[in-house]
Amino acid sequence: MNSASQRISCGTATPSLLASTVTLAGWVHRRRDHGGIIFLDLRDHEGITQILIAPTQVEVFAQAESLRSEDVVRIVGRVQARPAGTENERLSTGAVEIAAEQLTVLTRSATPPFPVANDDDIDETVRLRYRYLDLRRTRMQRNLRTRHRVIKVLRDYFDQHGFIEVETPLLIKSTPEGARDYLVPSRIHQGEFYALPQSPQLLKQILMIGGIGRYMQIARCLRDEDPRADRQPEFTQIDVEMSFIEQEDVMQIMEGAVVTAWRDALGIDIPTPLPRLSYEEAMRRFGNDKPDLRFGLELVDVAELFADSSFTTFRDVAAQGAATRIIALRYPGAASLSRRDFDALQERAKEFGAKGLAYITIGPEIRGPIAKFLSEQERTGILAVTGAEDGDAILFIADRKNAASDVAGRLRNEIGERLGLRDPARFAFCWVVGFPLFEHDPETGAITFAHHPFTAPLPGQEAHFDSDPLSLRAQHYDLVLNGFELGSGSIRNHDAAFQRKIFHHLGLDDTEIENRFGFFTTALTYGAPPHGGMALGIDRVVMLACGETSIRDVIAFPKNQNARDVMMDAPSPIPAANLKELHITISEVQPDQK
RNA sequence: GGCGUUGUAGCUCAGUUGGUUAGAGCGCCGCCCUGUCACGGCGGAGGUCGAGGGUUCGAGCCCCUUCAACGUCGCCA
């Protein structure tokens with residue numbers, strides 16, 4: 001290498017370097033070979049610089065002719081202004097080019113299976129198999145850098161607010177509630193298993209008992225459940241816990257965290273305070289405990305309009321009062337949809353769990369299968385409460401309260417999607433508070449916790465604790481963005497006896513409590529401070545910040561929807577000797593498996 | 001586990017009512033080209049039509065089974 005040359009990156013070739021000799025290295029982004037002259041676009045993590053290979057440089061020219069996409073080269077050359085009229089305004093380095101004097105091929109690349117030089121959509125399996133090539137592309141470079149900046153800003157924010165980062169172990173005890181655990185067999189202890197943490201929940205609470213005061217961690221969490229676009233077997237939370245605080249304190253800190261992240265990492269100002277909705281209100285207006293507030297189209301209760309209706313289906317539902325809902329949902333512009341379209345919409349509603357979907361269309365006349373049942377008074381009332389206009393359709397969902405809300409909420413999101421109202425460049429945050437403490441498990445009918453069993457109820461409900469547990473509200477708060485739950489938190493029970501009472505409500509006897517949570521209930525007896533916290537799903541935060549629709553696009557090495565790493569091919573069988581050492585025998589292997 | 005969509009060249013896709021030898025663009029290989037920047041021109045190679053079975057004189061196309069990817073429901077304290 002020329003010792004007199006200055007090392008620069010492919011993103012920093014500027015006119016200030018004119019006439020100096022520089023060294024730069026990178027990947028061959030593109031080669032434009034004109035026969036008598038060759039242009040190389042050289043790329044590294046900072047940008048692209050054009051290299052000029054002149055025919056007078058005989059040896060360099062001969063080597064450049066052999067270059068192919070993604071070969072790795074080092075160039076020594078002089079920075080020169082591009083001839084007038086040949087500047088490239090789309091490149092930050094487009095005013096200059098490097099006239100190559102030396103060219104060293106550092107590595108040859110095999111022909112890439114897909115183009116690295118653009119962000120065209122490629123089958124995701126292929127992207128993941130060759131993830132190192134995908135990571136070179138602009139999209140993943142940008143996403144991972146955004147991810148870094150968001151995490152960096154959050155770490156700094158919590159540091160400035162007196163939090164310290166504490167690492168918690170990955171090999172912990174299985175506590176078989178909630179999600180399925182990933183298990184790790186113990187070699188030393190035959191037949192025993194560690195679990196990988198679904199979250200550091202109990203550990204961070206014990207850190208509070210340990211006097212840490214303000215804890216945060218960029219924490220990896222592992223749950224053995226089926227992946228989705230917004231769920232991975234392993235994912236990252238920014239996990240927070242605080243002592244001697246109340247719900248409002250945690251919400252203020254976390255609100256500040258996301259607003260700071262958007263401002264300092266993304267350059268976007270989010271108006272504060274963030275809107276707050278009660279759980280009841282969210283379900284009533286949006287049919288969802290994570291409402292997408294980028295658009296209106298709110299759910300409208302119309303049961304009272306049908307109290308004396310000749311449409312008996314609705315009248316019967318309305319007669320059941322508060323246990324049921326009849327919801328009207330405006331679908332702007334849908335009056336022109338065909339019968340087929342509405343049939344498809346009804347199918348969709350049934351997929352969402354609806355028993356049926358009634359609808360009318362608004363125009364000079366009100367039409368639709370149920371129109372003939374509607375009195376003039378009902379028609380007027382419906383138009384008034386929904387605000388529907390000519391050209392709209394109105395959908396009706398009538399069912400038990402929770403089912404109707406849920407179906408209508410899903411339909412609302414679907415309509416918002418169809419109408420293009422879910423603009424990824426808009427960020428509509430909100431808090432949802434006042435969740436129930438307990439709920440019915442729809443399968444067993446038993447009482448289960450709505451969030452987790454360590455959540456404290458709102459104070460002042462003692463009178464109902466035993467008589468009507470389902471009426472209890474929790475000190476539990478969710479942060480929601482654009483219809484995604486970004487994070488969930490609560491004030492925790494810090495009284496050992498009360499925590500035990502909660503466990504009893506959930507059907508655990510003292511022996512089970514001792515076996516599963518004994519270490520924790522014991523810790524609570526030694527002066528646990530009042531405490532609470534929250535965790536934000538970083539992958540979802542960054543996904544939305546990047547305008548992506550899958551968290552796989554903001555994770556360097558994600559699993560596919562079958563929980564498989566297709567680059568490494570994991571999971572994979574292991575040698576019998578390893579199994580033996582772990583005291584494991586495989587009881588059955590399906591014959592079609594490899 | 002259920003449902004939906006998709007599966008054709010390395011990549012992105014087209015392929016009519018079932019009908020001769022399955023196509024395009026990009027990429028790849030060769031030749032030409034001195035100011036391009038998605039350089040251009042000429043030529044060429046490249047296919048288990050996801051897999052298996054069936055119907056048919058004949059299947060990329062129709063039927064059955066199956067696999068995979070993505071989306072979704074269940075699931076995700």
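In the text below, chain A, chain B and the rest are named by the order of the sequence lines, each starting its count at 1.
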With a centroid cutoff of 5.5 Å and a plane-angle limit of 30°, would you call A/H34 stacked on B/C39? yes
Using both distances under 3.5 Å as the test, list the Watson-Crick or G-U wobble partner of B/G71, or none. B/C3
Verify stack between A/F39 ring and B/U36 base, 5.5 Å, 30 degrees: yes
Quiz question: going by heavy-atom distance under 3.5 Å, is there a donor-acceptor pair between the base of B/C76 and the side chain of A/R223? no
Side-chain N,O (A/Q198) to OP1/OP2 (B/C76) below 4.0 Å: no
Check this for me: does the side-chain of A/E351 come within 3.5 Å of the base of B/G4 through a donor and an acceptor? no
Length of the line joining A/D119:CG and B/U12:P, which is rounded to integer Å: 14 Å
Within this structure, what is the CG-to-P distance between A/D134 and B/C11, rounded to whole angstrom? 14 Å
Separation of A/R410 atom CZ from B/G71 atom C1', in whole Å? 14 Å
What integer number of Å spans the C1' atoms of B/G52 and B/C70? 24 Å
Looking only at N and O atoms, is any donor in the side chain of A/R82 or the base of B/C37 less than 3.5 Å from an acceptor on the other one? yes
With hydrogens left out and only the distance checked, is there a donor-acceptor pair under 3.5 Å joining A/D123's side chain and the base of B/G7? no
Measuring only the C1' atom in each nucleotide, how far is B/U65 from B/G27? A whole number of Å is fine. 36 Å
Please name the nucleotide paired to B/U66 by Watson-Crick or G-U wobble geometry with both distances under 3.5 Å, or report none. B/G50
Describe the nucleic acid contact of A/D226 in one word from base, sugar-phosphate, nothing, applying a heavy-atom distance below 4.0 Å. base
Under 3.5 Å, is there a donor-acceptor pair between the side chain of A/K204 and the main chain of A/V240? yes
Could you give the distance separating B/G44 and B/G25 at their P atoms, to the nearest angstrom? 13 Å
Would you mind reading off the distance between A/I122 atom CD1 and B/A69 atom C1', rounded to a whole angstrom? 15 Å
A/L357 to A/I397 - nearest heavy-atom pair and separation: CD1-CG1, 3.9 Å
How is A/E87 classified with respect to the nucleic acid when contacts are heavy atoms under 4.0 Å: base, sugar-phosphate, or nothing? base
Could you give the CD-to-C1' distance, from A/Q80 to B/G35, as a whole number of Å? 11 Å
Does A/Q50 get its side chain close enough to the base of B/U36, under 3.5 Å, for a donor-acceptor pair? yes
Side chain of A/T111 (C-beta onward), nearest among B/C76, B/G71, B/G27: B/G27
Pair of N/O donor and acceptor under 3.5 Å linking B/G74 base with A/R228 side chain: yes
Given atom CD of A/Q232 and atom P of B/C76, what is their separation to the nearest angstrom? 18 Å
Which listed nucleotide (B/C33, B/C75, B/G35) is nearest to the side chain of A/D33? B/C33
As a quick check of understanding, evaluate ring pair (Phe, Tyr, Trp, His ring centres under 6.0 Å) for A/F557 and A/Y132, giving each step before the final call. CA-CA 9 Å; A/F557 301 106; A/Y132 34 88; 8.9 Å; no
Residue A/L52, side-chain atoms from C-beta onward, closest of B/G30, B/G71, B/G35: B/G35
From CD of A/E417 over to C1' of B/G71, roughly how many Å is that when rounded to an integer? 12 Å
Between A/T448 and A/H440, do the side chains contain a donor N or O and an acceptor N or O under 3.5 Å apart? no
With C1' as the reference atom in both, quote the distance from B/C49 to B/G18 in angstrom, rounded to an integer. 15 Å
Verify the contact: side-chain N or O of A/N88 to OP1 or OP2 of B/U36, cut-off strictly under 4.0 Å; return yes or no. no
side-chain N/O A/R564 vs B/A68 OP1/OP2, d < 4.0 Å: no
Between B/U17 and B/C33, how far apart are the two C1' atoms, rounded to whole Å? 49 Å
Any A/R32 side-chain nitrogen or oxygen under 4.0 Å from OP1 or OP2 of B/C39: yes
Quick check on A/K401: does its NZ atom have over 12 non-hydrogen neighbours (other residues, nucleotides or ligands) under 6.0 Å away? no
Select from A/N560 and A/A450 the residue whose nearest nucleotide in RNA chain B is closer to the 5' end of that strand. A/N560
Can you tell me the pairing partner of B/G35 across any strand shown, Watson-Crick or G-U wobble, with both distances under 3.5 angstrom? none
Pairing partner of B/G60, by Watson-Crick or G-U wobble and under 3.5 Å for both distances, is none
Does NZ or CZ of A/R540 come closer than 6.0 Å to the centre of the six-membered ring of A/F235, within 45° of the ring's axis? no
Do any side-chain nitrogens or oxygens of A/R552 fall under 4.0 Å of OP1 or OP2 in B/G71? yes
Selection from B/G74, B/U72, B/U36 that lies nearest to any side-chain heavy atom of A/Q561: B/U72
Does the pair A/E414/A/R348 count as a salt bridge with the N-to-O cut at 4.0 Å? yes
Write down the distance between CZ (A/F114) and C1' (B/C26), rounded to a whole number of angstrom. 15 Å
Using the P atom in both, what is the distance from B/G43 to B/G4, to the nearest Å? 47 Å
Between B/G30, B/A69, B/U72, spot the one nearest the side chain of A/A229, thanks. B/U72
Any side-chain N or O of A/R348 less than 4.0 Å from the OP1 or OP2 oxygen of B/C3? no
Checking all strands, does A/S199 fall into the base, sugar-phosphate, or nothing category for heavy-atom contacts under 4.0 angstrom? base
With heavy atoms under 4.0 Å as the rule, sort A/P113 into base, sugar-phosphate or nothing. sugar-phosphate
Suppose you measure atom P in B/G23 against the same atom in B/A45; what distance do you get, rounded to whole Å? 12 Å
For A/R30 and A/R540, take the nucleotide of RNA chain B holding the closest heavy atom to each; which residue's nucleotide lies nearer the 5' end? A/R30
Is B/C26 paired to anything, Watson-Crick or G-U wobble with both distances less than 3.5 Å, and if yes, which nucleotide? B/G10
Show your reasoning for whether side chain to side chain contact (heavy atoms under 4.5 Å, CB included) applies to A/Q247 and A/Y477. CA-CA 8 Å; A/Q247 172 167 327; A/Y477 32 91; 3.5 Å; yes
C1' atom, B/G10 versus B/C57: distance in rounded Å? 37 Å
Looking only at heavy atoms, the pair that brings A/K355 and A/D399 closest together is NZ-OD1, 2.8 Å
